[in-house]
Amino acid sequence: MGVMSGPYVIRGAVSLPEAELMWRFSRSSGPGGQHVNTSDSQVELRFDLAATESLPEVWKERALERLANRLVNGVVSVRSSEHRSQWRNRETAAERLTALLAEATAPPPKPRRKRKIPRGINERRLREKKQRGDTKRGRSGRDW
């Protein structure tokens, strides 16, 4: 895991501006022993996807559509609490958010083009099916 703390790059020249990220810290369950009772190591990172100006319009529409079931009033949130240190949880949360947005803003895959199956391939497949059927039919002991 690399050191991020800086502009969180989604793809190409597009990155999340630090000013639009909302951080919230709370006590975390999980590793930490007694330390966990005193420190706010769980991190919740929120990003207002609906109101942002930092994403290209096409990306924004795509992300709003694909993340519709994850959004609460246009805000996407990511939580991280697997590390003992708040700093590492911040890094993890930021990585998750950038990965999520990178996936959500990716262009749709090219539509599949139908191709005609060559006749030889189809004939070979049918011939092999026939042979397999004959082999299996030969296994039943009814014509002994």
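Computed from heavy atoms alone, side chains included, the values below leave out hydrogens, waters and symmetry copies.
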**Q.** Spacing of Leu67 atom CG and Leu49 atom CG [to the nearest 0.5 Å]
**A.** 6.5 Å

Q: Report yes if some heavy atom in the side chain of Met22 is under 4.5 Å from a heavy atom in the side chain of Asp48; otherwise report no.
A: yes

Q) What is the distance from atom CD1 of Ile121 to atom CG of Leu126, rounded to the nearest 0.5 Å? A) 12.0 Å

Q: Could you tell me which residues satisfy side-chain contact (heavy atoms from CB on, under 4.5 Å) with Glu20, sequence neighbours excluded, listed by chain and number?
A: Pro17, Phe47, Thr52, Ser54

Q | Identified salt bridge (charged side-chain N to carboxylate O under 4.0 Å, His left out) counterpart of Glu44 within the set Arg90, Arg96, Arg79 | A | Arg79

Q. Can you list every salt bridge (charged side-chain N to carboxylate O under 4.0 Å, His left out) pair that touches residues 58-75, not counting sequence neighbours?
A. none

Q) Which atom pair, heavy atoms only, marks the closest approach of Arg139 to Arg132? A) NH2-NH1, 4.1 Å

Q: Go through the structure and list residues passing side-chain hydrogen bond (donor to acceptor under 3.5 Å, both in side chains) with Asn73, not counting sequence neighbours.
A: none

Q: Any pair with a residue in residues 99-117 that passes salt bridge (charged side-chain N to carboxylate O under 4.0 Å, His left out), sequence neighbours left out, goes on the list, sorted by first then second residue, please.
A: none

(Q) When you compare the side chain of Thr92 with that of Val43, does any pair of heavy atoms fall below 4.5 Å? (A) no

**Q.** Heavy-atom side-chain contact between Arg127 and Lys130 under 4.5 Å
**A.** no

(Q) Can you tell me how far apart CD (Glu91) and OG (Ser85) are? Round to the nearest 0.5 Å. (A) 9.0 Å

**Q.** Single-linkage hydrophobic cluster, 4.5 Å side-chain cutoff, Phe25 and Leu45 together
**A.** yes

(Q) My understanding is that only residues two or more places apart in sequence, or in another chain, count here; which of them pass side-chain contact (heavy atoms from CB on, under 4.5 Å) with Ala99? (A) none

Q) Distance from Gln131 atom CD to Lys136 atom NZ, nearest 0.5 Å? A) 14.0 Å

Q. Does anything in residues 117-126 pair up under salt bridge (charged side-chain N to carboxylate O under 4.0 Å, His left out), and if so which pairs, sequence neighbours excluded?
A. Arg119-Glu123

